[in-house]
Participant: 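This is the structure I have questions about; it appears just below.
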Amino acid sequence: MLRVAEQYAGTDTGRQRRANEDSLLARAPLFVVADGMGGARAGEVASRIAVEMFARGIGDPTEPEAALATLVRDANARIYERSHRHADQAGMGTTLTALYVGAGTVSIAHVGDSRAYRLRGNELQRLTDDHSLVDELIREGRLTPEEAVEHPQRSVITRALGPESAVDVDTLSVDARAGDVFLLCSDGLTTMVGEDEIERVLSEHARLRDIGEALIAAANEAGGRDNISVVLVRVEEVSARLADERAPLAPGDADGHAREDPLPQTASMKIAGTDAPRSREAPAELPGAGAGEEPAESRVAQAGAGAAPDQTLAPREPVRAREPRRGPAHESALPRRSRKRRVTVLAVLAVVLALVCVGAYVALQSVYFIGTNNRGLVTLFRGVPFRLPLNVALYQSDYVTGVSASTITPARRSELLDHSLRSEGNAITLLHSLELGQLE
């Protein structure tokens with residue numbers, strides 16, 4: 001049974017663009033890269049609409065290809081309708097490549113020239129075909145890959161979400177093994193970095209974060225002509241029982257896969273405390289009577305001869321329960337009962353501790369804060385901004401914008417990057433506004 005073992009998502013504006021039109025979703029087991037087009041504002045709107053549609057989850061995981069295709073068509077309809085209602089967004093569109101990690105296979109839906117790859121061992125395999133003019137000419141044998149690099153119409157795509165009322169969606173499912181790494185990326189990476197170089201970077205680093213940062217840096221070093229987005233997913237195989245035990249619990253979802261999440265949670269959850277049941281005390285033992293002690297008998301005092309008898313009843317002493325004789329078996333039973341009580345108490349404490357840990361995990365998955373990554377880009381983090389001893393972070397990167405913190409006014413920077421805990425909806429709204437330039 002497949003499970004996401006590690007993931008990374010990052011996006012960068014690049015060196016020649018003023019705004020970032022890419023949008024990402026990285027919420028196991030569903031991942032999406034969307035590359036908007038139609039001008040900075042319109043392109044960003046189109047890609048964001050597409051990603052928000054997928055944020056609801058795929059619905060029926062038993063037919064992942066069909067479910068992914070349905071979401072793509074729904075996103076296309078919404079973008080098409082909006083572009084016809086707003087004149088400044090007319091003609092906007094977006095590419096989209098989505099990946100879903102199922103129980104036994106990985107399923108992909110694809111439109112446009114963003115790409116999906118699989119790295120198995122040290123071999124990189126491209127899983128999608130570009131819906132672009134030059135790629136179609138290459139497939140028809142009318143153009144070589146070398147000629148396509150400098151072709152004047154290399155940026156013309158033949159299929160996207162938004163321009164038409166209907167869209168054809170490519171879907172496929174591929175097998176996956178433990179250790180396979182899947183890469184989703186926008187063409188801002190693949191037009192700057194060749195597949196041989198991508199394969200080398202993927203094979204050089206152990207951590208997906210290091211791979212992602214290296215790929216983005218390589219695209220920028222090559223010129224960074226477009227926005228660069230990278231999503232990386234490493235899968236592992238676990239037994240069905242172990243998968244149920246290890247799957248993180250999403251708020252309001254018992255199987256962990258709804259992080260595939262229905263709509264994003266917008267409020268933190270409180271976990272009620274659980275009191276441990278008190279152990280029963282052993283009943284107090286009755287005090288025993290002295291050995292051989294008997295109750296007093298009544299005594300009759302006889303009067304002198306001829307006199308009426310004067311009967312006097314002597315008071316009885318309290319009757320004492322005779323303590324049973326204790327042998328070796330009884331004495332050994334006492335430590336056994338004591339050990340049993342201790343085991344019971346420890347078991348109860350373990351259950352309470354497990355409930356507390358689950359509650360803490362759910363709480364950490366429900367709150368977000370905004371900060372910067374090691375490249376100074378404004379980043380959305382899931383969790384709380386603290387580290388435990390041994391440098392254990394209580395947060396993880398959830399979304400990286402293409403906005404450098406240095407470009408924000410000091411007042412806005414202080415307000416936005418104060419590490420306040422936020423709901424996901426509030427944080428996403430702020431970041432989208434930031435990317436649209438509304439906070440400047």
Side-chain angles (χ1 to χ4, degrees), residues 11 21-25 30-61 63-100 102 106-117 126-140 153-174 182 184-191 226-227 229 231 260:
T11 185
E21 299 177 70
D22 291 359
S23 294
L24 308 177
L25 178 69
L30 184 60
F31 303 86
V32 180
V33 167
D35 181 358
M37 59 187 184
R41 179 159 302 210
E44 192 276 340
V45 171
S47 66
R48 174 166 52 86
I49 290 173
V51 165
E52 287 175 349
M53 184 65 68
F54 276 80
R56 301 180 178 186
I58 71 166
D60 182 8
E63 296 290 341
E65 287 188 44
L68 290 172
T70 296
L71 286 173
V72 174
R73 295 187 184 102
D74 290 346
N76 179 76
R78 181 169 295 185
I79 297 168
Y80 178 79
E81 177 188 2
R82 178 154 180 169
S83 69
H84 283 71
R85 285 192 289 107
H86 299 273
D88 61 332
Q89 296 171 355
M92 70 176 178
T94 184
T95 70
L96 184 139
T97 303
L99 180 147
Y100 174 78
V106 169
S107 299
I108 294 170
H110 169 68
V111 176
D113 61 353
S114 294
R115 292 182 183 177
Y117 291 90
R126 181 170 156 187
L127 302 176
T128 55
D129 293 324
D130 290 353
H131 300 138
S132 65
L133 179 60
V134 294
D135 247 49
E136 291 185 0
L137 292 175
I138 291 172
R139 288 192 291 271
E140 294 171 2
Q153 293 178 308
R154 62 183 179 276
S155 61
V156 176
I157 63 174
T158 57
R159 202 187 302 179
L161 278 67
E164 304 292 339
S165 58
V167 64
D168 291 332
V169 186
D170 289 354
T171 62
L172 70 152
S173 292
V174 298
F182 290 85
L184 304 182
C185 60
S186 63
D187 69 327
L189 174 67
T190 53
T191 56
D226 200 353
N227 307 144
S229 292
V231 171
E260 186 202 319

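All residue numbers in this chain count up from 1 along the given sequence.
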Participant: Just jot down the side chain to side chain donor-acceptor pair (under 3.5 Å) partners of T158, sequence neighbours excluded, or say none.
Facilitator: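 In terms of side chain to side chain donor-acceptor pair (under 3.5 Å), with neighbours along the sequence ignored, T158 is linked to E136.
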Participant: Give the minimum heavy-atom separation between V33 and S229, together with the two atoms involved.
Facilitator: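 Distance-wise, the nearest heavy atoms are CG1-CB, 4.3 Å.
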Participant: Please report the shortest heavy-atom distance between F54 and L30, naming the atom on each side.
Facilitator: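 For F54 versus L30, the nearest heavy atoms are O-CD2, 3.3 Å.
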Participant: If we only count heavy atoms from C-beta on, is the D170 to T128 side-chain gap below 4.5 Å?
Facilitator: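 Counting from C-beta outward, D170 and T128 never come under 4.5 Å.
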Participant: Closest heavy-atom contact between Q89 and A42?
Facilitator: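 So the minimum-distance heavy-atom pair works out to CA-CB, 4.1 Å.
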Participant: Quick one: NE2 on H110 to OG1 on T95, what's the gap to the nearest 0.5 Å?
Facilitator: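 Atom-to-atom, H110:NE2 and T95:OG1 are 8.0 Å apart.
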Participant: What's the separation between atom CG in L189 and atom CG in N227, rounded to the nearest 0.5 Å?
Facilitator: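 Interatomic distance, L189 CG to N227 CG, rounded to 0.5 Å: 12.5 Å.
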Participant: Are D135 and R139 ion-paired here, with the side-chain N under 4.0 Å from a carboxylate O?
Facilitator: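 Salt bridge present between D135 and R139.
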Participant: Say you draw a straight line from CG of D226 to CE of M37; how long is it, rounded to the nearest 0.5 Å?
Facilitator: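 D226 CG to M37 CE: 12.0 Å, rounded to 0.5 Å.
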Participant: I need the N76 CG to I49 CD1 distance, nearest 0.5 Å.
Facilitator: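 These two atoms lie 11.0 Å from each other.
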Participant: Can you sort out the partners of Y80 under ring-ring contact (aromatic ring centres under 6.0 Å, His included), two or more places apart, ordered by chain and number?
Facilitator: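 If we apply the ring-ring contact (aromatic ring centres under 6.0 Å, His included) test to Y80, skipping adjacent residues, the hits are H84.
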Participant: For H86, give me all partners under ring-ring contact (aromatic ring centres under 6.0 Å, His included), at least two apart in sequence or on another chain.
Facilitator: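 Applying ring-ring contact (aromatic ring centres under 6.0 Å, His included) to H86 gives none.
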Participant: Per the side chain to side chain contact (heavy atoms under 4.5 Å, CB included) rule, which among D35, V231, D113 passes with S186?
Facilitator: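 The side chain to side chain contact (heavy atoms under 4.5 Å, CB included) with S186 is passed solely by D35 among D35, V231, D113.
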Participant: Are the side chains of V32 and L96 in touch, meaning some heavy atoms are under 4.5 Å apart?
Facilitator: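 Contact flag for V32/L96 side chains = yes.
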Participant: Calculate, to the nearest 0.5 Å, the distance between atoms OG1 and CZ belonging to T190 and R115 respectively.
Facilitator: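 Going from OG1 on T190 over to CZ on R115, the span is 4.0 Å.
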Participant: Regarding E65 and S173, is there a side-chain donor-to-acceptor distance under 3.5 Å anywhere?
Facilitator: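 Looking only at side-chain atoms, S173 and E65 do form a donor-acceptor pair, the distance falling under 3.5 Å.
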Participant: To the nearest 0.5 Å, tell me how far T11 OG1 sits from L24 CG.
Facilitator: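 Atom-to-atom, T11:OG1 and L24:CG are 5.0 Å apart.
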Participant: Taking all non-hydrogen atoms of both residues into account, name the closest pair between T94 and A34 and its distance.
Facilitator: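 Closest approach of T94 to A34, heavy atoms only: OG1-CB, 3.6 Å.
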Participant: Which heavy-atom pair separates L161 from A75 by the least distance, and what is that distance?
Facilitator: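 For L161 versus A75, the nearest heavy atoms are CD2-CB, 3.8 Å.
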Participant: Looking at V167 and R73, what are the two nearest heavy atoms and their distance?
Facilitator: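 The pair with the smallest heavy-atom distance is O-NE, 4.2 Å.
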Participant: Using side-chain hydrogen bond (donor to acceptor under 3.5 Å, both in side chains), reason through S23 and S47 one step at a time and then give a plain yes or no.
Facilitator: CA-CA 6 Å; S23 294; S47 66; 2.9 Å; yes
